[in-house]
Amino acid sequence: MSRNTKINGLLLLLVAALAVLPLALGLGDHKEEPFAGADAEAETAITEIEPDYEPWFSPLYEPPSGEIESALFALQAALGAGVLAYYFGLRRGRRQGEERAAARTEGGAPAADADKDA
Amino acid sequence: MHIAEGYLPPVHAAAWGVASAPFVVHGVRALTREVRANPESTLLLGASGAFTFVLSALKLPSVTGSCSHPTGTGLGAILFRPPIMAVLGTITLLFQALLLAHGGLTTLGANVFSMAIVGPWAGYGTYLLVRRAGAPLMAAVFSGAFVADLSTYCVTSVQLALAFPDPGSGVAGSLAKFGGIFAVTQIPLAVSEGLLTVLVMRLLTQSSKGDLLRLGVLAAPKAADRREEAAA
């Protein structure tokens, strides 16, 4: 494995550790609902500060269940990951193509000259 | 995590909308100019938007025992400057408001202001400062992404504190409360976002040197070096 790959792997490992540690250490155990969303907690805080506050608008479309919601979140992540993978794959392919073309012109110098004349 | 639909009083919602609109309009202009001048940017623009899509879909657990998600706006702000990121961030927020009931249309202005305007500007500013101080590129990228992420949620806390001042301790009391929910939760997530942004930037320096040179992220070799190269 090259040094570059090792560093990239280490970066991913660190991110994974940061995500897993709070779960592994049980940092949500003191809560009624461990690892709820911060936005839901903010809604609770708002009702504590202003018990009469009623949200005056509701979402036009609301996923009918938690499953559908997580499916849509997964879709969002998949769309993003797909585009990113396409980008890096395309770049890599182009670079390899260019390298191969360069190697070919170096190997067959007369062919390159012929191109120039044409 | 964005402010949920209907959770900002109408006056606040409208005011944040008015504050955000010029940045987004300016961003759309900057984006069209960039695409027209450098059509080959389109791919990397798409990749920057895609990075925001992935990161803001990842709800991660944090030390506070709650969950939140990163924003992914630092990368695009560093590559294409904050105005363009305002557009990409708004698209992500719209997608989430319309399809996922996450954030909302009435709170879109406020959420755009925090995630697509203040975050990218604060991150880009930090990136520039750290680079000018002579730090290596990746240290600057990490700091920029970290600040873009964290500042977004500090703004969210301020927005909610202004809308819902505590009856006893006022705006400051509310700010402490919302800051505890959003900003503290966000610290480890901002570290994660910094690390992931560094990872993507490392991949970009390997795959897209040309783009990074054109965008000024990588410095062009100095004139003297170039002459030496030409001589060699």
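Every chain is numbered from 1, with letters handed out A, B, ... down the list of sequences.
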Q: Please flag which part of B:Leu195 lies under 4.5 Å from any non-hydrogen atom of chain A: side chain, backbone, both or neither.
A: both

Q: Could you look at B:Leu60 and say if it's the side chain, the backbone, both or neither that has a heavy atom under 4.5 Å from chain A?
A: side chain

Q | Region of B:Ala163 in contact with chain A, defined by heavy-atom distances below 4.5 Å | A | backbone

Q: Name the region of B:Leu204, side chain, backbone, both or neither, that has any atom closer than 4.5 Å to a heavy atom of chain A.
A: both

Q.
Applying the side-chain contact (heavy atoms from CB on, under 4.5 Å) criterion to B:Glu193, which one of B:Leu196, B:Val191, B:Thr197 satisfies it?
A. B:Thr197

Q | Contacting moiety of B:His102, where chain A heavy atoms sit under 4.5 Å | A | side chain

Q.
Using a 4.5 angstrom heavy-atom cutoff, name the option from B:Leu100, B:Val54, B:Leu160, B:Leu199 with the most pairs to chain A.
A. B:Leu100

Q. Does A:Phe88 offer a backbone N or O that forms a donor-acceptor pair with the side chain of B:Ser207 under 3.5 Å?
A. no

Q: Under 4.5 Å heavy-atom distance to chain B, tell me which part of A:Leu12 shows up: side chain, backbone, both or neither.
A: side chain

Q.
Less than 4.5 Å to any heavy atom of chain A: does that hold for the side chain of B:Leu44, its backbone, both, or neither?
A. both

Q | Under 4.5 Å from any heavy atom of chain A - which part of B:Leu203 | A | both

Q.
Once you measure the plane-to-plane angle for B:Phe164 and B:Phe178, does it fall in the parallel (<30°), tilted (30-60°) or perpendicular (>60°) bin?
A. tilted

**Q.** Leading residue by heavy atom contact count with chain A [cutoff under 4.5 Å; candidates B:Thr92, B:Asp166, B:Thr185, B:Thr64]
**A.** B:Thr64

Q.
Is B:Pro10 close to chain A through its backbone or its side chain, or both, or neither, when contacts mean heavy atoms under 4.5 Å?
A. both

Q. Relative to chain A, which segment of B:Ser62 carries a heavy atom at a distance below 4.5 Å: side chain, backbone, both, or neither?
A. backbone

Q) Under a 4.5 Å heavy-atom cut-off, does chain A meet the side chain of B:Gln96, its backbone, both or neither? A) side chain

(Q) What part of B:Phe95 gets within 4.5 angstrom of chain A, counting heavy atoms only: side chain, backbone, both, or neither? (A) side chain

**Q.** Toward chain A: residues of residues 146-157 of chain B with heavy atoms under 4.5 Å
**A.** none

